[in-house]
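Before any comments, here is the structure.
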Amino acid sequence: MAPVLISPLNVGHIDDVQELTKTKPRSIPERFVRDVTERPQLFSGTTSPSHSDMPVIDFSKFLRGNTEEFQVEILKLASACEEWGFFQVKNHGIDQKLLESIEEISKEFFMLPLEEKQKYPMIPGTVQGYGQAFVFSEDQKLDWCNMFALAIEPHCMRNPNLWPNKPERFSETLEEYSREVRKLCQNLLEFIALGLGLMEDAFSEMFGMAVQAVRMNYYPPCSRPDLVMGLSPHSDGSAITVLQQATGSPVGLQIFRDKTWIPVQPIPNAFVINIGDTIEVLTNGKYKSVEHRAVANEEKDRLTIVTFYAPGYEVELGPMPEFVDENKPSKYRRYNHGEYSKHYTTNKLQGKRTLDFAKIHQSENSN
Ligand code: OGA
Ligand code: NI
């Protein structure tokens, strides 16, 4: 029998999705079956909307100093952020072996026996550890996904009890990977700043002790992917997010664009990057954090390793003066990022609703 997690919140019984697929591969418990209006539209090869035009940024062009190539790529990045909120980054310079290692240890972790993984439980209402995040009530639908999430930086946010001692080299590999991805995030934020006409250190100056967290998402195959959701629609509460998809995984990520959900076809060894809520607020909505979700697959499992990079919790944020004028009044109030994070992690994922926290409503905005 699948174990019951005891928590101070009344979230009811939470089935472990991997165990479900092992023991009752054809049964989809009611709690995973979405209401008709929330079910994913699945695309077959012929009905799939075009996805090949998601911008691809060649990171190596940023490394050649302030050349014309550099400027062209900065403009391309700026337009990707403004028009898409999502892009892929190739030639990012992170060793392919490291990408393979993080994939391997993540997969090995998810393949451990349940009892082993449950030594690192995600207590409902919190976001670190193994389990299902963002579950707050008994009647809430569950995602077809197992997650393992850890805070990386600043160090004081780590909960050492949640860092697994199996598989071997887990911590070492995650540490090395996170260092590299952190540098990539910092560099990308510099280039994003330049593309916005800001000083390159505009974001790093503002972010203080930037927060970095990682979440490994494991989506087991599902006999009825048309009824369930891999990961509920949401925008990310980060400044930017870096997503790595394990080699051989089927397409699963979808972004909401022009009122439809379009699948993202990952490029091997590239990262999928997206703008999070912080950048939307700082740019007063010039760049938007686009809603996205993940769908399940009937035959194949899927693994993603997702890094969230965000300002320090002590930081006060609001639209930057550069993006506010008479014609473009502030759409968001100033707030403390720690409070925003708390708001984000203590509410269920529901599209872009989390940003309501900071939105100024039109009527308050009219003088
Ligand atoms: C996330 C996310 C998508 C995926 O973890 O925030 O959007 O494909 N993941 O796993
Ligand atoms: Ni996301």
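Each ligand, and each atom within it, is numbered from 1 in the order the structure gives. Note that the numbering runs from 1 along the sequence shown for the chain.
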The atoms of ligand 1 lying under 4.0 Å from a heavy atom of N217, numbered in the order shown, are 5 (O), 9 (N), 10 (O)
Note, R182 side chain near R179 side chain (heavy atom, < 4.5 Å): no
Decide yes or no for V242 and Y309: does some side-chain heavy atom of the first lie under 4.5 Å from some side-chain heavy atom of the second? no
For ligand 1, is Q245 a contact, meaning one of its heavy atoms is under 4.0 Å away? no
For N146 and Q18, test the side chains for any donor-to-acceptor distance below 3.5 angstrom and give the result as yes or no. yes
So do N297 and W144 actually touch side chain to side chain, heavy atoms under 4.5 Å? no
What is the nearest protein non-hydrogen atom to atom 4 (C) of ligand 1, stated with its residue, atom name and distance? Y219 OH, 3.3 Å
Are V290 and W84 close enough that some pair of their side-chain heavy atoms sits under 4.5 Å apart? no
Taking the six-membered ring for Trp, are F86 and H292 parallel (under 30°), tilted (30 to 60°) or perpendicular (over 60°)? perpendicular
Residue, atom name and distance, where the atom is the protein heavy atom closest to atom 6 (O) of ligand 1: H234 NE2, 3.0 Å
Should you measure from each heavy atom of T304, which atoms of ligand 1 turn up under 4.0 Å away? 4 (C), 8 (O), 10 (O)
Could you enumerate the protein N, O or S atoms under 2.8 Å from the Ni ion (ligand 2), written like residue then atom name? H234 NE2, D236 OD1, H292 NE2
Ligand 1-proximal atoms of L243, by part, heavy-atom distance under 4.0 Å: side chain
For R257, I'd like to know if atom CZ has over 12 heavy atoms of other residues, nucleotides or ligands within 6.0 Å. yes
How are the rings of Y340 and F357 set to each other: parallel, tilted or perpendicular (split at 30° and 60°)? tilted
Return yes when R302 approaches ligand 1 closer than 4.0 angstrom through a heavy atom, no otherwise. yes
Suppose we measure from atom 9 (N) of ligand 1 to each protein heavy atom; which comes out shortest, and what is that distance? L231 CD2, 3.4 Å
If the plane angle is over 60° it's perpendicular, under 30° parallel, otherwise tilted; pick one for F62 and F59. perpendicular
Which atoms of ligand 1 have any heavy atom of R215 under 4.0 Å away? 1 (C), 5 (O), 6 (O)
Is there a side-chain contact between K288 and I275 (heavy atoms, below 4.5 Å)? no
